[in-house]
Amino acid sequence: MTGPRRAAILGPALVAIVVAGLAVRLWGPARTARLLACRPRRADAAVHPETVGWAVRTADRVVPRTACLERALAARALCRRYGYAASVDVGCVREGEHLRAHSWAVCGEYTVVGGDVTAFDRLGRIADP
């Protein structure tokens, strides 16, 4: 996917990140996940989960102080919008005496956003009912 069609997903990605950020702060992650769980559509062959990840990472540069949970929730919502089942995984890794938490979006075996998560132990998953 290139050109204007790829750029067209940036608007929805920006909206999803802003809504996820506000909703997490106002209502918490569980209610936000339900809020952003739009009805899945039929898969759009032109919009792959890889394109969703690109759009969320690109839109994230515009929105200040976005957390990994907000990016993951936005990516999950966009994947569902374009017809793909996705979930948000939450995990942690020990760094010395501290734990570091992280969230990432997964579509099948593909990590949509969240980077390399191989070091993290998955603690939970926000998935479709």
Side-chain angles (χ1 to χ4, degrees):
M1 175 185 261
T2 59
R5 184 127 167 117
R6 188 174 191 193
I9 194 174
L10 285 175
L14 184 60
V15 169
I17 287 175
V18 169
V19 169
L22 291 172
V24 164
R25 287 172 179 81
L26 290 173
W27 299 306
R31 189 167 178 194
T32 300
R34 287 191 303 272
L35 172 75
L36 292 177
C38 59
R39 281 194 1 230
R41 298 181 183 175
R42 246 184 314 162
D44 185 344
V47 179
H48 297 279
E50 181 179 307
T51 306
V52 169
W54 168 83
V56 169
R57 287 187 302 275
T58 302
D60 179 56
R61 294 183 210 150
V62 179
V63 182
R65 300 174 56 149
T66 305
C68 57
L69 177 61
E70 297 155 0
R71 287 188 295 274
L73 289 168
R76 175 181 173 252
L78 286 175
C79 282
R80 288 182 53 80
R81 174 182 178 157
Y82 292 106
Y84 298 96
S87 61
V88 173
D89 288 349
V90 179
C92 70
V93 66
R94 181 173 294 279
E95 293 179 341
E97 293 184 17
H98 302 283
L99 290 176
R100 182 168 60 104
H102 185 50
S103 300
W104 59 95
V106 177
C107 182
E109 296 297 316
Y110 177 71
T111 302
V112 181
V113 294
D116 181 13
V117 296
T118 55
F120 289 88
D121 292 322
R122 188 174 67 123
L123 301 175
R125 173 170 278 178
I126 300 171
D128 299 331

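Just the heavy atoms: all of them, side chains too, but no hydrogens, waters or symmetry mates, feed the values below.
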Table please: side-chain donor-acceptor pairs of residues 54-64 below 3.5 Å, with sequence neighbours left out.
unit_1 : atom_1 : unit_2 : atom_2 : d
Trp54  : NE1    : Thr58  : OG1    : 3.4
Arg57  : NH1    : Gly53  : O      : 3.3
Arg57  : NH1    : Val112 : O      : 3.1
Thr58  : OG1    : Trp54  : O      : 2.8
Asp60  : OD1    : Thr66  : OG1    : 3.2

Would you be so kind as to tabulate the donor-acceptor pairs closer than 3.5 Å made by side chains of residues 94-102, with sequence neighbours excluded?
unit_1 : atom_1 : unit_2 : atom_2 : d
Glu95  : OE2    : Arg100 : NE     : 2.7
Glu95  : OE2    : Arg100 : NH2    : 3.3
His102 : NE2    : Gly114 : O      : 2.8

Please round to the nearest 0.5 Å and tell me the distance separating atom SG of Cys107 and atom CZ of Arg80.
-> 11.0 Å
Could you tell me whether the side chain of Tyr84 and the main chain of Val47 form a donor-acceptor pair under 3.5 Å?
-> yes
Got a sec, which residues hit salt bridge (Lys or Arg N to Asp or Glu O under 4.0 Å) with Arg122, two or more places apart in sequence or on another chain?
-> Asp89
Taking all atoms of both residues into account, what is the closest heavy-atom pair of Ala20 and Ala74, and its distance?
-> CB-N, 4.4 Å
Show which side-chain atoms of residues 22-29 pair as donor or acceptor with protein atoms under 3.5 Å away, not counting sequence neighbours.
unit_1 : atom_1 : unit_2 : atom_2 : d
Arg25  : NH1    : Gly21  : O      : 2.9
Arg25  : NH1    : Glu70  : OE2    : 2.9
Arg25  : NH2    : Arg65  : O      : 3.4

Shared-cluster residues of Val93, by chain and number - hydrophobic side chains joined below 4.5 Å | Trp104, Val106, Val117, Phe120
Nearest heavy-atom neighbours spanning Ala105 and Ala75 = CB-CB, 3.8 Å
Please report the shortest heavy-atom distance between Ala72 and Val88, naming the atom on each side.
-> O-CG2, 3.5 Å
When rounded to the nearest 0.5 angstrom, what distance separates OG1 in Thr51 from CG in Leu78?
-> 11.0 Å
Kindly give the heavy-atom pair with the smallest separation between Pro12 and Tyr82, and that separation in Å.
-> CG-OH, 4.0 Å
What salt bridge (charged side-chain N to carboxylate O under 4.0 Å, His left out) pairs are there with at least one residue in residues 105-119, not counting sequence neighbours?
-> none
